[in-house]
Amino acid sequence: MSYRVGVISGDGIGPEIVAEARKVLDCIGEKYGHTFEYEEILMGGCSIDATGEPLTEQAIAQAKGSDAVLMGSIGGNTSTSPWYQLPPNLRPEAGLLKLRKSLNLFANLRPAYLYEELKEACPLRDDIIGDGFDMMIMRELTGGLYFGERKTEEVDGVLTAVDTLTYNENEIRRIAKRGFDIAMKRQKKVTSVDKANVLDSSRLWRKVVEEVAAEYPEVTYEHMLVDNCAMQLVKDPKQFDVILTENMFGDILSDEASMVTGSIGMLSSASLNDTKFGLYEPSGGSAPDIAGKGIANPIATILSAAMMLRYSFDLDREADAIELAVKRVLKDGYRTIDIMPQDAKKAAVKQVGTAEMGDLIVERIN
Ligand code: IPM
Ligand code: MG
């Protein structure tokens with residue numbers, strides 16, 4: 001089969017890490033008889049430089065015309081880059097938000113998994129880590145505070161800013177269903193996270209999640225307040241299977257979950273709509289401080305490409321091959337700098353750069 005993959009290399013380390021993911025996809029293509037045709041799509045700072053906008057209508061059309069989009073990262077240093085002198089709707093991040101909304105990518109899947117080989121990189125104590133953990137954060141991605149009305153104005157001579165948190169029951173129902181569907185393929189447990197002791201939107205969230213839960217009698221579910229969840233993630237991450245939550249809570253909790261796995265450089269993500277289309281990107285940012293140095297960890301992007309094969313193209317065997325190759329490479333002792341162990345254990349592993357890591361994964365697929 002032939003697949004059209006839109007590629008948003010973006011800014012910072014984006015182009016370097018995407019290049020490695022393409023290397024891996026090409027290797028999969030050769031080995032399993034598929035063709036991946038890439039089309040570069042401009043978004044973020046590089047698009048601002050080229051067109052004056054973070055995402056043009058043409059770029060949206062290109063993304064819509066693809067079978068799936070693979071993305072690196074966008075944005076720069078928020079205190080020094082000229083992109084951040086622009087009005088908010090013209091900054092790099094606005095491109096990503098516009099793309100999510102235009103493509104209706106309401107379901108954001110962020111797996112957080114602790115690799116046996118990377119236990120050393122996990123900042124938690126051994127007794128908390130136990131046999132490791134494996135959770136999936138399901139974040140609602142096109143509603144809530146991110147897309148509610150906002151304004152800043154003077155009220156009685158005082159500058160006042162307003163952001164609005166809105167959800168309707170349909171938006172909650174569709175993400176809840178996705179969450180429970182995914183739980184059915186995992187450990188059959190959903191933790192729905194909200195702030196129902198304070199927010200109306202959370203009380204509606206809870207009511208709708210309960211209705212959806214009734215359709216999945218095999219899935220155990222619980223509600224958890226977001227502040228408690230932030231604590232539980234470091235106290236006992238093993239308790240979680242699927243964490244189902246709204247946009248802003250999911251943004252915050254997924255960064256926290258990624259850090260308990262050791263490095264954000266390991267974590268992939270998928271943003272899906274109700275067709276087979278998806279946008280696949282590493283959970284980490286553009287890391288402008290290390291851009292161009294050839295030291296960024298490409299694994300999150302490579303694993304995002306594996307998610308693309310699994311969720312958009314139904315190529316489970318091929319996705320398994322990539323995930324297995326990543327495990328092998330770690331087992332064989334190769335590490336990028338972000339996942340290097342502390343001093344005493346350094347001798348047991350070998351530090352490699354971005355491209356070498358990509359090559360090592362390709363070798364193991366072959
Ligand atoms: C993320 C990022 C984005 C978000 C930013 C870049 C707008 O932090 O994907 O988690 O807040 O959603
Ligand atoms: Mg974030």
Side-chain angles (χ1 to χ4, degrees), residues 8-14 17-18 41-48 53-55 59-60 63 69-79 81 83-84 86-112 135-148 150 163-167 171 175 193 226 229-230 233 243-261 263-273 278-289 291 300-301 303-304 307-308:
I8 299 177
S9 295
D11 311 314
I13 59 171
I17 54 182
V18 163
I41 302 174
L42 277 182
M43 186 171 91
C46 56
S47 173
I48 296 174
E53 287 173 60
L55 183 74
I60 296 175
V69 173
L70 179 67
M71 181 186 146
S73 53
I74 55 147
N77 185 319
T78 48
S79 33
S81 161
W83 299 327
Y84 295 91
L86 296 165
N89 64 328
L90 290 178
R91 289 180 203 162
E93 287 75 7
L96 180 57
L97 298 181
K98 190 171 166 193
L99 188 66
R100 287 175 180 167
K101 196 72 176 175
S102 316
L103 298 172
N104 196 24
L105 304 172
F106 66 88
N108 183 218
L109 280 61
R110 298 190 165 180
M135 58 189 130
M136 176 70 87
I137 304 211
M138 291 284 305
R139 168 187 176 195
E140 199 291 325
L141 203 59
T142 51
L145 277 171
Y146 277 70
F147 295 97
R150 65 180 100 256
D163 294 286
T164 326
L165 203 179
T166 311
Y167 270 108
E171 290 170 312
I175 184 74
V193 175
V226 61
C229 181
L233 273 171
I243 292 181
L244 170 66
T245 194
E246 63 94 52
N247 205 345
M248 178 61 98
F249 297 160
D251 178 44
I252 299 167
L253 295 176
S254 62
D255 265 31
E256 187 188 2
S258 73
M259 204 51 230
V260 287
T261 68
S263 171
I264 198 162
M266 295 296 299
L267 297 183
S268 52
S269 84
S271 305
L272 310 173
N273 60 21
L279 167 71
Y280 299 86
E281 54 171 317
S283 290
S286 62
D289 51 323
T301 319
L303 291 174
S304 301
M307 287 186 95
M308 176 173 86

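Just so you know, ligand 1 is whichever comes first in the structure, and atom 1 is the first atom listed for that ligand.
- For the pair Thr245 (side chain) and Val193 (backbone), a donor-acceptor distance under 3.5 Å is present.
- Counting only N and O atoms by type, the side chains of Tyr146 and Glu246 include no donor and acceptor under 3.5 Å apart.
- Among the candidates Ser271, Ser254, Ser268, the single residue satisfying the side-chain hydrogen bond (donor to acceptor under 3.5 Å, both in side chains) test with Arg110 is Ser254.
- Considering every non-hydrogen atom in both Ser269 and Ser283, the closest pair reads CB-OG, 4.0 Å.
- The shortest heavy-atom contact between Cys229 and Ile243 is SG-CD1, 4.3 Å.
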Contact table, ligand 1 N/O with protein N/O, distance under 3.5 Å:
| from | atom 1 | to | atom 2 | distance (Å) |
| --- | --- | --- | --- | --- |
| ligand 1 | 8 (O) | Asp251 | OD1 | 3.3 |
| ligand 1 | 9 (O) | Arg100 | NH2 | 2.8 |
| ligand 1 | 9 (O) | Arg110 | NH2 | 2.8 |
| ligand 1 | 10 (O) | Arg110 | NH1 | 3.0 |
| ligand 1 | 10 (O) | Arg110 | NH2 | 3.1 |
| ligand 1 | 10 (O) | Arg139 | NH1 | 3.3 |
| ligand 1 | 10 (O) | Asp251 | OD1 | 2.9 |
| ligand 1 | 11 (O) | Tyr146 | OH | 2.6 |
| ligand 1 | 11 (O) | Asp251 | OD1 | 3.4 |
| ligand 1 | 12 (O) | Arg100 | NH1 | 2.8 |
| ligand 1 | 12 (O) | Arg139 | NH1 | 3.3 |
| ligand 1 | 12 (O) | Arg139 | NH2 | 2.9 |

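- The Mg ion (ligand 2) is closest to atom OD1 of Asp251 (considering only N, O or S atoms).
- A donor-acceptor contact closer than 3.5 angstrom links the side chains of Thr142 and Glu140.
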